[in-house]
Amino acid sequence: MRRLIFLAPIVLFAIVVAGFALGLRRDPSLLPSTLIGKPLPSFSLPPVDPKAPGLTSADMTGGSPRLLNVFGSWCVSCRYEHPVLMALKSQGVAIEGLDWRDSRADATRFLAAEGNPYERIGDDEAGRTVIDLGVAAAPETFIVDRQGRVRYKQVGPITPEVWTSTLAPLMARLKSE
Amino acid sequence: MIAEIGQLALILALCLALVQSASLLIGAWRLDGALMSMGRTAAVLQAAFIAVAFAALGTAYVTGDFSIALVAAHSNSAQPLLYRVGATWGSHEGSMILWVFILAVYGAAIALAGGSLRESLKARVLAVQGVVGAAFLGFLLLTSNPFLRLTPAPFDGAELNPVLQDPGLVFHPPVLYLGYVGLSIAFSFGVAALIEGRVDANWARWVRPWVLAAWIFLTIGITMGSVWSYYTLGWGGWWFWDPVENASLMPWLLATALLHSCLVLEKRGALISWTILLSILAFSMSMVGTFLVRSGVLTSVHAFAVDPKRGVYILGMIAVMTGLALGLFAWRAPRFRTGALFTAVSKEYAITLNNLFLAAATATVFLGTFYPVFVDALHGDKISVGPPYFNATFAPIFMLLFVLVSFGPMLNWKRDSLGPLLSRLIWPALASAIAVVGAILIFGIGHVMAALGFALSAWLIVGAGAVLARRWRPVSHGAFWDGLWGRMRATPLAIFGLALAHAGLGVTTLGITAMAGWQSNAVIAMTPGQSLTLAGKTVTLTGLRGIEGPNYEAAQARFAIETLAGSRVLISERRFYPDSQTTTTEAGINVGLLGNVYISIGDRAAGGGLVVRLWNHPLVNFIWGGAFMMAFGGMVSLADRRLRVAVVKRVRAPAGVLEPAAA
């Protein structure tokens, strides 16, 4: 019995080391969204182009799973991401846009020059909705399922690699759900 | 050339560390004096070679040898000389050289000094020290080589992280490392005792000054870090429960426990196994801290460039070293004789409780720090543990511990009785009662937690005074003043050290209580000429201009503040370092005994004004003042120790006080 007490430290230590070893395999900089598995917070945003429709959270439910892409004409990485979004649009992927801290004139000019991959665009000039969504920096993209629940958040631009390795399989799965 | 010299010196130091361990282990086993003497020489030489490597890196920084990748990454020619010197240990690789350097210097110190230490014990201590040194040198050479060349060499270097370009950086890491690495001596003593299978009072007498020295350095290092983050991070907090701060707090807590348990072992021969266990765990916590900062297992403001390979190496090193030590402990410690018995009212018992509380506090911090890692490893959930957890768990444990602090020194060894004990504590008890009642009368019942805080600090400060008063009281009848001076002079320095350290705890508590209860702040957009009043202090923005520093541009705001000593100017800056595209905040602080006024400036507001944050920090300096008082108490006590070790040398303690029960 007395011997067992003296064994306790090394047993506890072994557990801790095992925990550290498992912990080493993860990347603390990957911060997932707290929204995952939950419905999008409700929002209703005016359009960028007065003739087009705006974007509300209700638009995100029903139909097919879709992407919600937070962008801004001022954001360099968004410009880098833009051709990928245009390619996805041509493949028939539904993408909604959330224009963040942007003037309507700048956004219109940007989309006219580079092309518009979005079905609808909501204008979040004040940045309120973006705070509700927990966005740290543009671009960020939420994958939303048919029920309007957030299933994944991509931080940073969607590159062709990210699309083929992570997002495309997830979208295919959501489509069959 | 200089890089190659440094590289070669490190490789030779690694070889010497291996020679040191092997020759001393075998020498101690066979009682071969020649082998042991060779091992000691290797320990001294190892330190000398690491000194060469350290000097080589320092020279490369000062002369700006940008062909060395590390130098190019952390310094440039525009950087002030002080920060080029500081950059020597400001990077991961450089700080590891500093680490092994301090380790080797401690080893050399034991090899050269320590005449009265039993030769075989000394040899085994140094052998373990050599293994630790070899492990860290291997880490340095295999995963973090500081002397890698860069081809082609750049014309100029990048920049040391601007947050680190501060006089605080030059002193904070070395002092902290002196503490962390100092605990390696306790580790080596603990493992050596387990190898020998014998612990005696001499062991405790030898290890205690080392633990005390490491504890002093840790105390100063942690306090400096706290002061530094207070004035550089720009939002006026003094402790953030950041993982890396916790990593320095855990060894400190265990070192504090070890300091007290060594006392019991030395004086009464009790708590043998527990003390050995603490000596192993305290240094292991230092190593866990290194793992934490360098493996990328947690994110932190302090984290160095992250490399998973390093994480694996450090984890392996901890697993082997601490694992072997704890394995030895499980095997050998049951054979140690159980210590002398003591009753529930005795100094031993109070110190045992102190150790339990400190161990519980360490466990609390450990859980809070690593819980996110474990949860993520098991479930893949990302969570973070913040100040609310620590306030709810750590604070109550520490408040109970603080109640205990004033009891300990008033108790007699072995057996005491409750009645006389309580009468000895009448003054501290009275003082804390007055503090509670007074605080509630003045501030209202809403501040009951603050009232408890004041009561605790009164209990600690007056309790520390009572320790001295008990010493100075006349032995027989007579006035308190008769012969007082003689009794004061007869008081050992260690008692003064104890009183200072315990009173320092009270002073820190006072500061924390005031900050928790009465800190206030305001944020407004100000234009020049505008005034703001906070907690009775009026601050006026008098001027705003752009300035050029040696390697930064800054927006500088000048404020006038009215104090009792007249009007004073406070300067707050927002600096931009173009080389690394980083912005830092330099707060303007009006330092006063009763509190600080702290101003940091932000960006320009939309309306055209300047965003100004103003804080009132009552008694905040007491927090650090108390901590420095503790460290000073430790130094006073250390000065006394040296005398007593010398006395022991002359008298020679009776051998075999604590032979193992059944060898």
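Each chain gets a letter, A, B and so on, in the order its sequence line appears, and its residues count up from 1.
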Take atom OH of B:Y349 as the centre, draw a 6.0 Å sphere, and report whether it contains more than 12 heavy atoms from other residues, nucleotides or ligands. no

If one checks every heavy atom of B:L281 against chain A at 4.5 Å, the contacting part turns out to be neither

Parallel, tilted or perpendicular: which one describes the rings of B:F366 and A:F20, with boundaries at 30° and 60°? tilted

N/O donor-acceptor pairs under 3.5 Å from side chains in residues 78-86 of chain A, not counting sequence neighbours:
unit_1 : atom_1 : unit_2 : atom_2 : d
A:R79  : NE     : A:S73  : O      : 3.2
A:R79  : NH2    : A:S73  : O      : 3.0
A:E81  : OE1    : A:N69  : ND2    : 3.2
A:E81  : OE2    : A:I158 : N      : 2.8
A:H82  : NE2    : A:G115 : O      : 2.8

Where do A:F13 and B:G323 come nearest, in terms of heavy atoms and distance? CE2-N, 3.5 Å

Which heavy atom of B:F374 sits nearest a heavy atom of A:G19, and at what distance? CE2-CA, 3.5 Å

Say you draw a straight line from CD1 of B:I280 to CD1 of A:I10; how long is it, rounded to the nearest 0.5 Å? 9.5 Å

A:F6 pairs by side-chain contact (heavy atoms from CB on, under 4.5 Å) with which of B:F329, B:W331, B:F336? B:F329

